[in-house]
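Accompanying notes for the structure given below.
This chain uses plain numbering: 1 for the first residue, then up along the sequence.
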Amino acid sequence: MDGSQNPESQVMFLGEYDHVLDPQGRITIPRDWRRPDGGESDFVLFPARDAALLLFPAAVFLDFVARARKLAIADAKLQLAFAALGSRARRCKCDKQGRLALERRMLEGIGVTGKLKLLGAMTHIRICAAENWLPPEGAALDSCLDEIQKLSGVEPELAALLAESLRK
């Protein structure tokens with residue numbers, strides 16, 4: 001499956017949103033983060049490091065699985081890692097109003113009782129308790145930009161410009 005042909009993979013998650021769970025434990029995905037064609041958004045949700053949940057468009061997650069499947073067949077450690085991830089992951093869809101139900105157990109596992117943050121992480125959404133989000137600054141921000149530069153081959157000057165703009 002080529003996610004680049006799927007409208008879900010065309011969404012870019014940018015920005016930061018404060019949110020409160022509704023009585024049914026739902027969040028509303030910001031309009032800018034929903035499919036551009038107005039169709040239902042399909043996601044995969046799973047726990048991440050640092051008391052957070054990651055919400056990936058299903059098409060993007062399936063692309064990752066397709067690439068990783070080739071490696072996992074012969075690698076026992078990777079098979080175990082897939083089992084650990086798969087057993088904790090949940091597939092979920094937004095309703096027509098963009099609401100998405102989250103499991104209470106998953107939310108409690110990251111310390112969310114009511115208020116939370118939805119963080120745009122470009123390819124996915126990071127969900128955490130509002131009090132657990134401290135945006136990286138200074139050396140920590142530089143370290144983040146160094147990691148992005150490694151992946152993308154971004155020129156050092158562009159990375160410095162990005163760092164400066166994020167500090168403002």
Side-chain angles (χ1 to χ4, degrees), residues 1-68 85-86 88-137 140-141 144-145 147-149 151-152 154 158-159 161-168:
M1 174 180 211
D2 180 8
S4 63
Q5 304 303 316
N6 189 312
E8 288 181 12
S9 66
Q10 302 302 312
V11 176
M12 192 177 330
F13 304 101
L14 303 173
E16 178 179 320
Y17 295 87
D18 293 311
H19 214 297
V20 177
L21 291 171
D22 74 6
Q24 289 81 31
R26 296 177 299 191
I27 58 172
T28 301
I29 301 297
R31 185 173 304 276
D32 290 350
W33 291 0
R34 295 184 221 161
R35 285 177 46 158
D37 65 0
E40 287 185 352
S41 294
D42 190 14
F43 291 98
V44 175
L45 177 72
F46 55 91
R49 294 179 178 152
D50 301 323
L53 298 173
L54 300 183
L55 190 61
F56 275 85
V60 173
F61 189 78
L62 289 172
D63 282 347
F64 160 74
V65 170
R67 287 190 312 270
L85 178 62
R88 290 167 178 84
R90 300 291 180 266
R91 197 160 186 174
C92 42
K93 286 185 185 240
C94 287
D95 65 15
K96 292 182 191 225
Q97 289 79 35
R99 295 175 302 196
L100 188 75
L102 302 176
E103 287 185 18
R104 292 267 180 210
R105 183 178 53 86
M106 292 178 94
L107 291 168
E108 290 167 0
I110 64 166
V112 171
T113 56
K115 292 182 180 181
L116 53 87
K117 290 270 191 188
L118 301 178
L119 305 166
M122 299 192 299
T123 60
H124 61 282
I125 300 167
R126 186 175 181 91
I127 302 170
C128 64
E131 61 273 10
N132 289 344
W133 174 241
L134 297 173
E137 295 181 4
L141 178 59
C144 291
L145 291 169
E147 292 304 313
I148 291 169
Q149 184 176 342
L151 286 176
S152 64
V154 172
L158 181 54
L161 182 62
L162 285 170
E164 188 59 35
S165 68
L166 288 172
R167 284 191 186 104
K168 291 180 182 176

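Residues Phe43 and Leu55 share a closest heavy-atom pair of CB-CD1, 3.4 Å. The two residues Ala101 and Cys92 have their closest heavy-atom pair at O-CB, 4.5 Å. Listed here is the closest heavy atom pair of Leu119 and Cys128: CD1-SG, 4.0 Å. The shortest heavy-atom contact between Leu54 and Ala48 is CG-CB, 3.4 Å. Residue Ala89 comes nearest to Val44 through the heavy atom pair CB-CG1, 4.2 Å, listed as atom of the first residue, atom of the second, then distance.
Between Ile127 and Leu45, the closest side-chain pair of non-hydrogen atoms falls below 4.5 Å.
With rounding to the nearest 0.5 Å, the separation of CG in Leu21 from CD1 in Ile27 is 8.0 Å. Note that CG of Asp22 is 7.0 Å distant from OG1 of Thr28, once rounded to the nearest 0.5 Å. Taking CZ from Arg126 and CZ from Arg49, the interatomic distance works out to 10.0 Å, rounded to the nearest 0.5 Å. How far CZ of Arg104 is from CD of Gln24: 8.5 Å, rounded to the nearest 0.5 Å. Here CD1 of Ile110 is found 3.5 Å from CG of Leu53. Values are rounded to the nearest 0.5 Å. Between atom CZ of residue Arg26 and atom CG of residue Leu100 there is a gap of 10.0 Å, rounded to the nearest 0.5 Å.
Partners of Glu131 according to the side-chain hydrogen bond (donor to acceptor under 3.5 Å, both in side chains) rule, which considers only residues two or more places apart in sequence or in another chain, do not exist here. Considering only residues two or more places apart in sequence or on other chains, Arg88 meets the salt bridge (charged side-chain N to carboxylate O under 4.0 Å, His left out) condition with none of them.
A distance-only check finds a donor-acceptor pair linking the side chain of Arg34 to the backbone of Ile29 [under 3.5 Å].
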- Task: Go through the steps for Lys115 and Asp18 under the test salt bridge (Lys or Arg N to Asp or Glu O under 4.0 Å), then give the verdict.
- Result: CA-CA 7 Å; Lys115 292 182 180 181; Asp18 293 311; over 6 Å; no
task: Run the numbers on Trp33 and Leu118 for side chain to side chain contact (heavy atoms under 4.5 Å, CB included), then give the verdict.
output: CA-CA 11 Å; Trp33 291 0; Leu118 301 178; 3.8 Å; yes
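Between Phe61 and Phe46, the two ring planes are tilted [angle within 30° to 60°].
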